[in-house]
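Below, chains carry the letters A, B, ... as their sequence lines are ordered, and counting in each starts from 1.
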Amino acid sequence: MTAQASPDGVPDDARSVVLARVRAALAGSTGGGTGPSFDHAAPGAPPDAGPFAAGDALPGAPAGPGYLTADDEWETGTTGEALLALLTDRVVDYRATVTRARTAEVPAQLVRLLAGAGRVVVPAGLDPDWVDALRSAGTTVLVDGPDAPLTLADLDSAGAVVTGSRLAVAETGTIVLDGSPDQGRRAVSLVPDHHVCVVRGADVVRGLPAAMARLDVTRPLTWISGPSATSDIELSRVEGVHGPRRLEVVLVVDDDAPGQR
Amino acid sequence: MSALRRPVALGMPGRRADVGHAPGGPALAGGASSPLRGEETFPRAAKRELAKPQLRANLAHATSTIRAKRAAVVGEVPDWEALRDAGAAMKAEAMQRLPELLEELERAVTARGGVVHWARDADEANAIVADLVRATGAREVVKVKSMATQEIGLNEYLDEAGIEALETDLAELIVQLAGDTPSHILVPAIHRSRTEIREIFLEHMAGVDPELTDEPRLLAMAARAYLRERFLRAEVAVSGANFAIAETGTLAVVESEGNGRMCLTLPRTLITVMGIEKVLPRAQDLEVYLQLLPRSSTGERMNPYTSMWTGVTPGDGPQEFHLVLLDNGRTAALADEVGRAALHCIRCSACLNVCPVYERTGGHAYGSVYPGPIGAILTPLLTGAVDHDDPNSSLPYASTLCGACYDVCPVKIDIPSILVHLRTRGVDAGRGGVPAPEAVAMKAAGVVMGSPTAFRAAEAASRAVRVLARDGAVSRLPWPGSLWTASRDLPAPPKEPFRAWWARERGASAAEGGK
Ligand code: SF4
């Protein structure tokens, strides 16, 4: 957008005016439009937690910005079965289901979960063994890929979709999709009414900070915590509005590496 | 039960009749008929709303439900207070660095294929959106719930431009179908019970099953069926944003129903209208806000869906993306060093749900799309209301200063202090003219309470006032007391004042001793 100048030479396009107003609003105050950055890696408490300035290490204080981070024992000390059980508990609390499978059992598990689902959408990058198993079981599989995207009508006519996932957050029962080839574009996991989502045990973290450390936010991200729901009627949660009304999670755990990180 | 049985101390002494409002300066938001300004002062509007028993029952039920849920999920977070501190600190940083962050955001969004627009006020933002929609050739848009677009009255503007804007959030849809106005920032139809929602659907929702019951699951299902085809054919969507990340150009929308995902994913063109205060420096900041917001808002560990997108992703989602950065009074709020913190608000609505005033009056009494404690500070800051004739200048008095809002606010906005600051701002602006009735009243009280004889006489007078009381409250005193009761109910004076009771119970000598 190019700046136009008013007769007196001061730019009066909206961009210049808004930025000038922001600068003027801050001009009188301490800092005046510049200021210290919050440091997520700083030792000690957060800047306004007390009389200590940002960056001052409090004697005996845990490292970090004051809240629990990816490096804290709370995160790193929760592993294996405890971590997977936490995830399961939280996902089930949203009225989604969780079933476990070893890697070799995933194809059979998918066939079982999708029996009677009708046509099933899969992203082009999904494990070919899984797709073959579904086809062998007589399921019509619709493949969505960058070169041959399905139409919205195709997606709407499908009974279910199977995707992989980027990671899962145990504490909140959240699964994150990032559009990788095994997860597909966003519409794929949205339009069909039944979403079967495969989560690898190694991709489970406990909290949000550990999740953010692993994610690239410039990829299109979808954070999913249970089936679609609303709290709009008397502020009580009801499952099943516009997104998939059924969410089934397949948690892949092999004996040699339960919840390995 | 009478809605007026309990006296409600609304705090603001009345002055003159409500007659319009002072025109705002150039950087302020909200004209005479703005979604940021009602037609009457809070005390008047509150009195009307308080007389609706169904409304109060609906609100009491909904707010008590959500308070319990919030308390449970906040209680299980071991570092909640540290998260609040971090959330407050990062917002303060963002405000302090706002010019550079906005420019950085603009660069990042542009680099990823988005187009950034700037809007000084509501009119400018509306015109930008309408032009963008027209350019696509579409006559209808689907919308994700957004406070920014409500604040600027976008739907009404588009309607006049011949473009239909369809709200897709369940509560927004209920409000839109009923021709109603929102009364809560998270659940705009919180003032409606399931029975009322069923009636609205039966009357206004084309093709609805006439056998529809008031079971919430079936009501949600009816909305799904009604909107499905509209989502699938939509070419343009309009959204707001909960967060924007300067370093990457990423936008985030936090929602529940999946209508957000539909709007953000299926149409070819996406237009996002966002207040300039929503920008955050770093992606990592989200690890704090995504813990604070859902627990404070719907009382869930995490909301069902959060979408993040950065510009345009080839082959995935909208292939045309516009970001409209909106001022509309925000820079005026920013210029107020005390009030500035109101811009930290992440619109969780926790302060509404705990507010004893909001719980009784509901959102409509505030006259603005931002009701409750945050609205009582944000609305006057955005519109610059200091004139007594402006209904918005009554909003800072819509509080008992109990502090519950501050305790629950996930970004620790000290709402009570800002309320007091804005009251002072209003009183200072009123200096120099005719003495305000509250000043006269306080002087008079000083004289009476300073003299036992005068106090006894006043007690006798107060007994006379009892004859005016209805349901334990006095709504209308004769002049000059009418100046006081115009804006608040006066509790009926007790049958027997304390001094008389003491004299009767403890004998005349004790009464004399208490002189
Ligand atoms: S002021 Fe605080 S509590 Fe109120 S809506 Fe905003 S963030 Fe939530």
Would you sort out whether T250(B) and T310(B) count as a side-chain hydrogen bond (donor to acceptor under 3.5 Å, both in side chains), showing the intermediate values?
CA-CA 4 Å; T250(B) 304; T310(B) 309; 2.8 Å; yes
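Only the side chain of R228(B) comes within contact range of chain A, judged by heavy atoms closer than 4.5 Å. Only the side chain of V238(A) comes within less than 4.5 Å of a heavy atom of chain B; its backbone N, CA, C and O stay farther away. Proximity to chain A is absent for every atom of P188(B), based on heavy atoms less than 4.5 angstrom apart. Heavy atoms closer than 4.5 Å to chain A are found in the side chain of E300(B), but not in its backbone. For E124(B), the part lying under 4.5 angstrom from a heavy atom of chain A is the side chain only. Of the two parts of D336(B), neither the backbone nor the side chain holds a non-hydrogen atom closer than 4.5 Å to a non-hydrogen atom of chain A. Neither the backbone nor the side chain of T151(A) comes within contact range of chain B, judged by heavy atoms closer than 4.5 Å. With a 4.5 Å cut-off on non-hydrogen atoms, L59(B) does not touch chain A at all. Within the 4.5 angstrom heavy-atom criterion, no atom of T110(B) approaches chain A. Proximity to chain A (any heavy atom under 4.5 Å) is shown, for V115(B), by neither the backbone nor the side chain. L102(B) touches chain A through its side chain: at least one heavy atom from C-beta onward sits under 4.5 Å away, while N, CA, C and O do not. Proximity to chain A involves both the backbone and the side chain of L232(B), based on heavy atoms less than 4.5 angstrom apart. Interface remark: A119(B) contributes backbone atoms only to the contact with chain A (heavy atom separation under 4.5 Å).
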